[in-house]
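What follows is one structure encoded as structure tokens, with my remarks underneath.
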Amino acid sequence: MGLELKRGHFQMMVKITFSIFIIIPKIGLSFAADFLGMNGSISHGETLVSSDQIFELGFFTLGNFNMSYLGIWYKFSPDTIVWVANRNNPLADHKGVLTFNNAGNLVILNRLNGVVWSSKSSRILQNPIAQLLDSGNLVLWDDFVLSSDETYSWQSFDYPSDTLLAGMKLLLNPKTGLERCLTAWKSMDDPSTGDYVHRLNYNQGLPQFETVQLNVHRKTFRTGQWNGVQFVGIPNLSSPAGVPLFVQSETEISFMFEVHNKQLFSRIKLNSLGVLQLLVNRSRTATLNVKLEFPSDPCDFYGRCGANAICRCSLCECVKGFMPKSPDKWAVGDFSSGCHRTIPTNCSKGEGFWKIKVVKLPDLLEVTLDRRMNLKECKDVCSKNCSCVAYANSDVRGGGSGCLMWFGDLIDMKALEGWNRVQSLYVRLSASELDATRDHTGRNIILVAAILSSIIGGLLFVGATRWSIKHKKRRIRIGGLEITKEDIDLPLYDLATIKSATSNFSIGNMIGLGGFGAVYKGNLSTGQLVAVKRQSKSSMQGLEEFKNEVLLIAQLQHRNLVGLLGCCIEGEERILLYEYMENKSLNYLIFGKTISFFNSLLNNDILS
Ligand SMILES: *[C@@H]1O[C@H](CO)[C@@H](O)[C@H](O)[C@H]1NC(C)=O
């Protein structure tokens with residue numbers, strides 16, 4: 001399963017054509033070789049093209065600068081640069097040349113013959129060949145060495161820029177510390193090393209991917225740890241656009257993906273804003289599909305709800321038994337202070353654990369892992385150690401195994417949904433808290449609702465602080481207003497589920513159209529009929545409405561009235577799912593009569 005691609009039959013072909021080897025400039029006949037032989041060179045305007053015309057290698061310039069770089073791009077989409085050789089050492093003019101040095105390494109020379117960049121061949125090559133493969137890999141090998149299972153002495157796939165192509169590996173060697181990660185460009189037109197990296201973290205022997213903003217030493221996103229089947233916090237990535245392969249051994253932990261459909265050209269890119277994107281081009285066109293982005297949901301932002309809080313459908317809520325450290329800040333949408341225990345735990349009698357189902361487990365900051373323990377043993381050990389805050393299985397396979405225990409704050413939890421293998425977290429609670437949950441007697445809960453307007457753009461926060469007074473009679477406080485309402489509990493649906501329920505938002509399924517967007521009739525895989533309200537992407541007004549509506553969801557009476565089932569926030573999509581009620585529900589779904597009633601109740605200035 002290695003990346004050590006074999007040169008095999010290429011060698012034969014090159015031997016035959018070697019003597020007629022020639023490079024034709026780009027402007028000439030559209031024909032270029034896919035390899036460079038010992039005495040060959042490439043200067044500005046000349047390129048190598050992979051044999052199936054998929055990738056192209058050459059010098060390029062960006063933006064308004066005169067700087068030039070050697071890179072690889074899709075032949076069908078020259079703006080899509082997937083690899084840059086001299087990203088931190090650009091040529092100041094268009095006089096660069098790619099050729100070989102005496103040791104057989106590829107070198108980029110500037111106009112004064114100074115070496116700007118060099119490949120790092122593992123050995124000296126007598127008869128070097130550089131070849132651009134259809135995978136986008138630029139490989140170097142020695143035509144003098146005849147053994148056909150000789151591996152490449154250098155390949156560009158070992159030096160990723162900001163893009164992971166199929167067959168390329170992100171990896172970590174726990175023994176040597178060798179690491180291959182994605183490093184973002186500085187900006188869209190500056191390929192030099194930027195602020196963000198996406199890398200494997202291997203804390204406690206459990207791998208997870210993280211995006212880190214290096215200049216401020218801050219994590220911005222993590223996938224959640226590998227649970228034997230998938231990374232817990234992101235959807236299972238398997239699709240025609242890419243089948244992920246994860247390898248874990250003593251000397252290598254690595255991730256790569258393969259594409260089995262020849263019409264799809266997929267790549268994973270860390271853009272200059274630190275957003276990880278799964279991008280797919282179809283059938284050799286520049287038309288691009290962004291399949292997935294991380295972070296995209298507000299709950300993907302690392303540690304958004306602070307310590308000991310769970311992000312659910314854009315709402316931050318303290319874990320049971322915890323309350324906001326500074327309720328005033330929470331009320332205005334500043335969650336960073338997080339939550340602390342309402343009643344301290346001290347290993348006293350009657351303490352137990354509260355189960356949180358289907359959750360992206362907290363970050364592996366202060367944790368221990370014992371793969372041999374089962375859940376029962378894990379509970380016993382955790383309950384005897386007073387500083388153990390929570391525990392969970394580390395692996396979901398075969399009904400679950402392994403013991404993860406947390407000893408500090410629980411950071412970066414997110415409520416997940418059906419697409420995830422169930423992985424529950426058990427949090428220590430005091431005896432009285434446990435009793436309280438059994439009796440349904442009053443306790444302090446403060447929930448804050450917040451919606452993010454765009455991925456990186458301005459944050460539109462809305463705060464809603466609520467207190468429970470006693471059973472069945474609770475007040476919700478939004479700004480200065482108070483309304484008696486019941487519990488917040490809004491399930492999250494993923495876009496794929498909704499798409500399949502509505503035949504990909506087909507016209508045939510559309511049952512209404514309003515200013516905010518469209519309503520579709522959908523059929524969930526459970527057989528339940530739903531009305532899907534999809535906010536149109538264009539209107540800011542729609543976003544505002546959505547914001548209001550989700551705020552209103554905080555009130556169960558309203559939710560029951562319209563039969564709201566859940567929501568979906570993915571990328572730019574803002575979708576609400578309602579029970580499908582023939583005719584009845586349509587009026588307020590489309591014309592928003594109920595909504596405007598509540599809007600007038602909650603006047604707008606406290607919402608913005
Ligand atoms: C609790 O667990 C931590 C981490 O394994 C350990 O360092 C500590 O000694 C344990 N405390 C007790 C009382 O066993």
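Treat the numbers as computed from the prediction; the structure is a model and nothing was measured. As the structure lists them, so they are numbered: ligands from 1, and atoms in each ligand from 1.
- Taking the six-membered ring where the residue is Trp, Y391 and F353 present perpendicular rings, their angle passing 60° and hence far from 30°.
- Not a single disulfide bond (SG atoms under 2.5 Å apart) links C181 to another residue, sequence neighbours left out.
- Using cut-offs of 30° and 60° for the angle between ring planes, the F255 and F246 rings count as tilted.
- When all heavy atoms are compared, the tightest approach of L165 to G136 is CD1-CA, 4.2 Å.
- A centroid separation of less than 6.0 Å is found between the aromatic rings of F335 and W330.
- Around ligand 1 you find T368, N385, F407, each with a heavy-atom distance below 4.0 Å.
- Taking CG from D162 and CD1 from I268, the interatomic distance works out to 12.0 Å, rounded to the nearest 0.5 Å.
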